[in-house]
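One structure below.
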Amino acid sequence: MDSNDLQRLAGRLEKYGLQVTIDDSVMRLNATNPLNSRLTEEILTKGDQYVTGFDYAIGEYGHEQACAERIARMLAVGTPGHGGPHRACQPVARGGSSMMSPDTAHHGVAQPGTLIQTRADRHLAAGQWLLSAAEDTQRARKEWADDGLALLRCGTLFTAVRLAAGLVYAAADSDDLRNVDAYLRQALPGGPVFADTRWGLYYALVPEGTDRLPSWTHRSEDAECLGPNAYLGVPDPTHTDPGVGFSYWCVPPHAPETLCSPDEVAQLLKDGRCRLTAAEANTGA
(Lines give C-alpha, C1' and ligand atoms only; values in the text may rest on other atoms or scores of the structure.)
Protein backbone atom coordinates (compact mmCIF):
# COMPACT_ATOMS: atom_id res chain seq x y z
CA MET A 1 0.00 0.00 0.00
CA ASP A 2 1.29 3.49 -0.82
CA SER A 3 0.09 7.06 -0.73
CA ASN A 4 -1.60 6.65 -4.13
CA ASP A 5 -4.04 4.15 -2.59
CA LEU A 6 -4.82 6.61 0.20
CA GLN A 7 -5.31 9.38 -2.35
CA ARG A 8 -7.73 7.19 -4.30
CA LEU A 9 -9.72 6.50 -1.13
CA ALA A 10 -9.76 10.22 -0.34
CA GLY A 11 -11.05 11.05 -3.81
CA ARG A 12 -13.90 8.58 -3.48
CA LEU A 13 -14.81 9.95 -0.06
CA GLU A 14 -14.92 13.47 -1.43
CA LYS A 15 -17.51 12.32 -3.99
CA TYR A 16 -19.81 11.69 -1.01
CA GLY A 17 -19.34 15.31 0.04
CA LEU A 18 -17.09 14.42 2.97
CA GLN A 19 -14.31 16.76 4.00
CA VAL A 20 -11.02 14.87 3.83
CA THR A 21 -7.51 15.65 5.07
CA ILE A 22 -4.53 13.39 4.43
CA ASP A 23 -1.23 12.92 6.26
CA ASP A 24 0.94 10.92 3.85
CA SER A 25 3.81 10.74 6.32
CA VAL A 26 1.88 8.37 8.57
CA MET A 27 -0.56 7.03 5.93
CA ARG A 28 -3.65 8.44 7.64
CA LEU A 29 -6.69 10.43 6.62
CA ASN A 30 -9.56 12.08 8.44
CA ALA A 31 -13.05 12.19 6.96
CA THR A 32 -15.71 14.53 8.37
CA ASN A 33 -19.39 15.07 7.62
CA PRO A 34 -19.60 18.84 6.91
CA LEU A 35 -23.17 18.95 8.27
CA ASN A 36 -22.00 17.72 11.68
CA SER A 37 -18.33 18.19 12.54
CA ARG A 38 -18.61 15.65 15.35
CA LEU A 39 -19.27 12.94 12.80
CA THR A 40 -15.65 12.34 11.94
CA GLU A 41 -13.46 9.31 11.56
CA GLU A 42 -9.75 8.68 11.43
CA ILE A 43 -8.72 6.07 8.83
CA LEU A 44 -5.34 4.38 9.15
CA THR A 45 -3.50 1.70 7.21
CA LYS A 46 -2.63 -1.58 8.88
CA GLY A 47 -0.93 -4.19 6.74
CA ASP A 48 -3.09 -4.46 3.62
CA GLN A 49 -6.19 -3.10 5.41
CA TYR A 50 -7.81 0.25 6.04
CA VAL A 51 -8.89 0.48 9.69
CA THR A 52 -10.53 3.11 11.87
CA GLY A 53 -8.75 4.84 14.72
CA PHE A 54 -10.21 2.25 17.10
CA ASP A 55 -9.09 -0.67 14.92
CA TYR A 56 -12.34 -1.53 13.14
CA ALA A 57 -11.48 -3.12 9.79
CA ILE A 58 -12.92 -1.18 6.84
CA GLY A 59 -11.53 -3.24 3.94
CA GLU A 60 -8.48 -4.03 1.85
CA TYR A 61 -6.54 -1.62 -0.30
CA GLY A 62 -7.39 -2.01 -3.94
CA HIS A 63 -11.08 -1.89 -2.98
CA GLU A 64 -11.27 1.83 -2.28
CA GLN A 65 -14.82 2.28 -3.59
CA ALA A 66 -16.24 -0.37 -1.25
CA CYS A 67 -14.23 1.09 1.63
CA ALA A 68 -15.51 4.59 0.83
CA GLU A 69 -19.11 3.30 0.88
CA ARG A 70 -18.63 1.84 4.36
CA ILE A 71 -17.01 5.00 5.69
CA ALA A 72 -19.80 7.11 4.16
CA ARG A 73 -22.43 5.00 5.92
CA MET A 74 -20.55 5.39 9.20
CA LEU A 75 -20.63 9.15 8.79
CA ALA A 76 -24.31 9.28 7.77
CA VAL A 77 -24.05 10.57 4.23
CA GLY A 78 -25.96 9.63 1.09
CA THR A 79 -24.89 8.16 -2.21
CA PRO A 80 -22.31 10.01 -4.33
CA GLY A 81 -23.38 12.38 -7.03
CA HIS A 82 -26.50 13.62 -5.18
CA GLY A 83 -25.24 16.75 -3.50
CA GLY A 84 -23.16 15.13 -0.78
CA PRO A 85 -24.36 14.54 2.77
CA HIS A 86 -28.09 14.38 3.40
CA ARG A 87 -29.88 15.49 6.50
CA ALA A 88 -32.08 12.79 7.93
CA CYS A 89 -35.82 13.45 8.04
CA GLN A 90 -37.32 14.48 11.33
CA PRO A 91 -39.38 11.76 13.04
CA VAL A 92 -43.06 11.92 12.16
CA ALA A 93 -46.03 11.70 14.48
CA ARG A 94 -46.33 7.95 14.23
CA GLY A 95 -43.43 5.63 13.63
CA GLY A 96 -39.70 6.31 13.68
CA SER A 97 -38.31 8.28 10.76
CA SER A 98 -34.89 7.49 9.42
CA MET A 99 -32.53 7.57 6.50
CA MET A 100 -33.48 3.93 5.91
CA SER A 101 -36.70 2.09 6.70
CA PRO A 102 -36.64 -0.40 9.61
CA ASP A 103 -37.29 -3.33 7.25
CA THR A 104 -34.54 -2.30 4.89
CA ALA A 105 -32.08 -1.71 7.73
CA HIS A 106 -32.93 -4.99 9.45
CA HIS A 107 -33.00 -7.29 6.47
CA GLY A 108 -30.39 -5.59 4.29
CA VAL A 109 -32.76 -5.34 1.29
CA ALA A 110 -31.68 -2.45 -0.90
CA GLN A 111 -34.15 0.08 -2.22
CA PRO A 112 -33.22 2.14 -5.31
CA GLY A 113 -30.36 4.49 -4.46
CA THR A 114 -29.60 2.94 -1.06
CA LEU A 115 -26.63 0.95 0.17
CA ILE A 116 -26.86 -2.49 1.76
CA GLN A 117 -25.52 -2.44 5.31
CA THR A 118 -24.23 -5.30 7.38
CA ARG A 119 -25.21 -5.52 11.04
CA ALA A 120 -21.68 -4.44 12.01
CA ASP A 121 -21.89 -1.41 9.73
CA ARG A 122 -25.26 -0.42 11.19
CA HIS A 123 -23.87 -0.66 14.71
CA LEU A 124 -20.84 1.38 13.70
CA ALA A 125 -22.88 4.09 11.96
CA ALA A 126 -25.30 4.35 14.88
CA GLY A 127 -22.38 4.44 17.28
CA GLN A 128 -20.73 7.28 15.40
CA TRP A 129 -23.96 9.26 15.51
CA LEU A 130 -24.51 8.61 19.23
CA LEU A 131 -20.93 9.57 20.04
CA SER A 132 -21.51 13.02 18.55
CA ALA A 133 -23.67 13.69 21.64
CA ALA A 134 -20.64 13.20 23.90
CA GLU A 135 -18.71 16.08 25.42
CA ASP A 136 -15.49 14.25 24.47
CA THR A 137 -15.90 11.76 21.63
CA GLN A 138 -12.61 9.96 22.22
CA ARG A 139 -13.28 9.59 25.94
CA ALA A 140 -16.80 8.29 25.27
CA ARG A 141 -15.42 5.79 22.78
CA LYS A 142 -12.95 4.58 25.41
CA GLU A 143 -15.78 4.31 27.96
CA TRP A 144 -17.65 2.02 25.57
CA ALA A 145 -14.52 -0.07 25.06
CA ASP A 146 -13.68 -0.29 28.78
CA ASP A 147 -17.07 -0.32 30.51
CA GLY A 148 -19.71 -0.75 27.81
CA LEU A 149 -21.34 2.58 28.79
CA ALA A 150 -20.61 6.10 27.59
CA LEU A 151 -21.90 9.32 29.13
CA LEU A 152 -23.93 11.18 26.49
CA ARG A 153 -25.85 14.43 26.72
CA CYS A 154 -29.56 14.82 26.00
CA GLY A 155 -31.00 17.83 24.23
CA THR A 156 -28.61 17.95 21.28
CA LEU A 157 -29.19 15.02 18.91
CA PHE A 158 -31.95 13.44 20.95
CA THR A 159 -33.59 13.39 24.32
CA ALA A 160 -34.93 10.39 26.21
CA VAL A 161 -38.06 9.30 28.01
CA ARG A 162 -37.17 7.41 31.18
CA LEU A 163 -39.72 4.71 32.01
CA ALA A 164 -40.14 2.58 35.11
CA ALA A 165 -39.68 -1.10 34.28
CA GLY A 166 -42.96 -1.99 35.99
CA LEU A 167 -44.84 0.28 33.63
CA VAL A 168 -43.17 -1.25 30.58
CA TYR A 169 -43.80 -4.79 31.88
CA ALA A 170 -47.46 -3.91 32.34
CA ALA A 171 -47.75 -2.53 28.81
CA ALA A 172 -46.04 -5.63 27.43
CA ASP A 173 -48.07 -7.93 29.71
CA SER A 174 -44.84 -9.76 30.55
CA ASP A 175 -41.74 -9.40 32.69
CA ASP A 176 -39.67 -11.75 30.54
CA LEU A 177 -37.00 -9.46 29.09
CA ARG A 178 -36.99 -11.03 25.64
CA ASN A 179 -40.77 -10.84 25.43
CA VAL A 180 -40.60 -7.19 26.51
CA ASP A 181 -37.98 -6.51 23.84
CA ALA A 182 -40.26 -8.03 21.20
CA TYR A 183 -43.14 -5.87 22.43
CA LEU A 184 -41.00 -2.72 22.23
CA ARG A 185 -39.96 -3.51 18.67
CA GLN A 186 -43.64 -3.68 17.76
CA ALA A 187 -44.94 -0.79 19.87
CA LEU A 188 -42.14 1.62 18.92
CA PRO A 189 -41.23 0.45 15.40
CA GLY A 190 -37.82 1.65 14.38
CA GLY A 191 -37.25 3.54 17.63
CA PRO A 192 -34.20 2.77 19.80
CA VAL A 193 -34.74 1.73 23.43
CA PHE A 194 -32.25 0.55 26.02
CA ALA A 195 -32.73 -0.90 29.49
CA ASP A 196 -30.90 -0.52 32.76
CA THR A 197 -31.79 -3.74 34.55
CA ARG A 198 -29.85 -2.80 37.68
CA TRP A 199 -32.16 0.15 38.42
CA GLY A 200 -35.26 -1.16 36.67
CA LEU A 201 -35.48 1.55 34.01
CA TYR A 202 -36.04 1.82 30.28
CA TYR A 203 -34.98 4.72 28.06
CA ALA A 204 -36.71 5.48 24.75
CA LEU A 205 -34.76 7.91 22.57
CA VAL A 206 -37.03 10.60 21.13
CA PRO A 207 -36.42 13.79 19.11
CA GLU A 208 -34.73 16.77 20.73
CA GLY A 209 -37.41 19.19 21.91
CA THR A 210 -39.90 16.50 22.98
CA ASP A 211 -39.49 17.72 26.58
CA ARG A 212 -40.98 21.07 25.51
CA LEU A 213 -44.19 19.54 24.14
CA PRO A 214 -47.20 20.21 26.43
CA SER A 215 -47.83 16.50 26.92
CA TRP A 216 -44.28 15.93 28.18
CA THR A 217 -43.58 18.97 30.35
CA HIS A 218 -44.63 17.36 33.63
CA ARG A 219 -42.77 14.68 35.56
CA SER A 220 -44.38 11.60 37.05
CA GLU A 221 -43.09 8.75 39.18
CA ASP A 222 -43.21 6.24 36.33
CA ALA A 223 -42.04 8.41 33.41
CA GLU A 224 -39.97 11.51 32.76
CA CYS A 225 -38.82 13.21 29.57
CA LEU A 226 -35.21 14.28 30.06
CA GLY A 227 -34.30 17.65 28.62
CA PRO A 228 -31.08 19.53 27.89
CA ASN A 229 -28.24 19.13 30.37
CA ALA A 230 -29.40 15.64 31.37
CA TYR A 231 -26.75 12.98 30.88
CA LEU A 232 -27.27 9.28 30.22
CA GLY A 233 -25.04 6.25 30.54
CA VAL A 234 -25.73 4.83 27.07
CA PRO A 235 -24.63 1.29 26.17
CA ASP A 236 -22.46 0.39 23.22
CA PRO A 237 -24.78 -0.30 20.23
CA THR A 238 -23.38 -3.84 20.01
CA HIS A 239 -24.70 -4.66 23.52
CA THR A 240 -28.03 -6.27 22.67
CA ASP A 241 -28.10 -9.32 24.96
CA PRO A 242 -30.14 -8.97 28.19
CA GLY A 243 -28.07 -11.74 29.71
CA VAL A 244 -24.79 -9.83 29.49
CA GLY A 245 -24.21 -6.87 31.82
CA PHE A 246 -26.92 -4.68 33.29
CA SER A 247 -27.47 -2.26 30.41
CA TYR A 248 -28.36 -3.32 26.88
CA TRP A 249 -30.27 -2.23 23.79
CA CYS A 250 -33.75 -3.79 23.70
CA VAL A 251 -34.20 -2.17 20.27
CA PRO A 252 -30.78 -1.12 18.98
CA PRO A 253 -30.38 1.98 16.83
CA HIS A 254 -30.32 0.70 13.26
CA ALA A 255 -29.59 3.97 11.46
CA PRO A 256 -28.34 7.42 12.48
CA GLU A 257 -31.09 9.77 13.64
CA THR A 258 -33.81 7.11 13.79
CA LEU A 259 -35.81 7.91 16.93
CA CYS A 260 -38.99 6.88 18.71
CA SER A 261 -42.21 8.74 18.00
CA PRO A 262 -43.30 10.71 21.10
CA ASP A 263 -46.92 9.78 20.33
CA GLU A 264 -46.13 6.08 20.35
CA VAL A 265 -44.20 6.40 23.62
CA ALA A 266 -47.24 8.21 25.06
CA GLN A 267 -49.48 5.36 23.90
CA LEU A 268 -47.18 2.85 25.62
CA LEU A 269 -47.49 4.88 28.83
CA LYS A 270 -51.27 4.94 28.53
CA ASP A 271 -51.45 1.18 27.94
CA GLY A 272 -49.14 0.40 30.84
CA ARG A 273 -51.01 2.66 33.27
CA CYS A 274 -54.37 1.21 32.22
CA ARG A 275 -53.16 -2.32 32.84
CA LEU A 276 -51.69 -1.37 36.22
CA THR A 277 -54.93 0.33 37.24
CA ALA A 278 -56.93 -2.73 36.18
CA ALA A 279 -54.59 -5.02 38.09
CA GLU A 280 -54.92 -2.91 41.25
CA ALA A 281 -58.70 -2.91 40.92
CA ASN A 282 -58.75 -6.69 40.58
CA THR A 283 -56.50 -7.05 43.60
CA GLY A 284 -58.77 -4.87 45.72
CA ALA A 285 -61.97 -6.56 44.59
Side-chain angles (χ1 to χ4, degrees), residues 91 93-96 130 133-134 147-235 239-253 258-285:
R94 293 195 60 78
L130 287 170
D147 306 318
L149 288 174
L151 195 64
L152 305 182
R153 182 180 178 180
C154 293
T156 54
L157 300 177
F158 58 82
T159 190
V161 177
R162 181 167 57 202
L163 305 165
L167 180 70
V168 178
Y169 296 162
D173 197 23
S174 175
D175 59 4
D176 179 276
L177 294 182
R178 296 190 187 277
N179 289 342
V180 174
D181 295 351
Y183 163 78
L184 290 169
R185 286 193 294 272
Q186 182 178 17
L188 306 173
V193 184
F194 68 89
D196 184 336
T197 57
R198 179 175 56 175
W199 298 107
L201 295 169
Y202 283 80
Y203 294 87
L205 301 192
V206 294
E208 184 277 330
T210 298
D211 59 297
R212 297 190 296 274
L213 297 176
S215 56
W216 289 104
T217 53
H218 65 281
R219 176 179 180 176
S220 62
E221 292 184 0
D222 55 10
E224 179 183 6
C225 189
L226 306 176
N229 301 320
Y231 288 82
L232 293 178
V234 176
H239 291 195
T240 58
D241 187 345
V244 178
F246 59 82
S247 190
Y248 77 100
W249 287 96
C250 318
V251 186
T258 299
L259 297 167
C260 297
S261 159
D263 286 351
E264 288 173 343
V265 178
Q267 185 61 50
L268 183 153
L269 287 174
K270 181 179 178 180
D271 293 345
R273 287 167 177 165
C274 285
R275 285 182 178 272
L276 287 174
T277 300
E280 291 171 358
N282 290 335
T283 300

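In this text, all values refer to a predicted model and were calculated from it rather than measured experimentally.
Side-chain N/O atoms of Asp222 and Ser220 include a donor and acceptor closer than 3.5 Å. At a cut-off of 3.5 Å, with distance as the only test, no side-chain donor of Tyr183 or Asp176 sits close to an acceptor on the other residue. In this structure, a donor-acceptor pair under 3.5 Å is present between the side chains of Asp271 and Gln267.
At a threshold of 4.5 Å between non-hydrogen side-chain atoms, the residues Thr197 and Ser247 do not count as touching. By the 4.5 Å heavy-atom criterion applied to side chains, Leu268 and Arg273 are not counted as neighbours. Inter-residue side-chain proximity for Leu201 and Leu163 is flagged as unmet; no heavy-atom pair is nearer than 4.5 Å. Proximity of Cys250 to Arg185: side-chain heavy atoms (C-beta onward) are nowhere separated by under 4.5 Å.
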Start with the C-alpha gap between Tyr248 and Asp181, add the side-chain angles, then the distance that decides, and say whether side-chain hydrogen bond (donor to acceptor under 3.5 Å, both in side chains) holds.
CA-CA 11 Å; Tyr248 77 100; Asp181 295 351; 2.9 Å; yes
Residues Tyr169, Leu276; criterion side chain to side chain contact (heavy atoms under 4.5 Å, CB included); working and verdict:
CA-CA 10 Å; Tyr169 296 162; Leu276 287 174; over 6 Å; no
Could you walk me through whether Val161 and Tyr202 pass the side chain to side chain contact (heavy atoms under 4.5 Å, CB included) test, one step at a time?
CA-CA 8 Å; Val161 177; Tyr202 283 80; over 6 Å; no
Is there a side chain to side chain contact (heavy atoms under 4.5 Å, CB included) between Tyr231 and Cys154 once you walk through the steps?
CA-CA 6 Å; Tyr231 288 82; Cys154 293; over 6 Å; no
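In this structure, CG in Leu188 is found 4.5 Å from SG in Cys260, a value given to the nearest 0.5 Å. Note: Leu157 CG to Leu130 CG = 8.0 Å, rounded to the nearest 0.5 Å. Rounded to the nearest 0.5 Å, atoms CG (Asn229) and OG1 (Thr156) are 10.0 Å apart. With rounding to the nearest 0.5 Å, the separation of CZ in Phe194 from NE2 in His239 is 13.0 Å. Rounding to the nearest 0.5 Å places CG of Leu232 at 8.0 Å from CZ of Arg162. Phe158 CZ to Leu205 CG: the interatomic distance, rounded to the nearest 0.5 Å, is 5.5 Å.
Proximity of a side-chain donor or acceptor of Trp249 to a complementary backbone N or O of Val193 within less than 3.5 Å is not detected. Side-chain atoms of Asp241 come within 3.5 Å of backbone N or O of Gly243 as a donor-acceptor pair.
Residues Glu208 and Gly155 approach most closely at CG-O, 3.3 Å, considering heavy atoms. Between Trp216 and Thr210 the shortest heavy-atom distance is CB-O, 3.4 Å. Pairing each heavy atom of Leu269 with each of Ala223, the nearest pair is CD2-CB, 3.5 Å. Of all heavy-atom pairs spanning Ala171 and Arg275, the tightest one is O-NE, 3.7 Å. The heavy-atom pair separating Pro192 from Leu259 by the smallest distance is CD-CA, 3.7 Å. Taking both residues in full, the closest heavy atoms of Leu151 and Gly233 are given as CD1-N, 4.2 Å, listed atom of the first, atom of the second, then distance.
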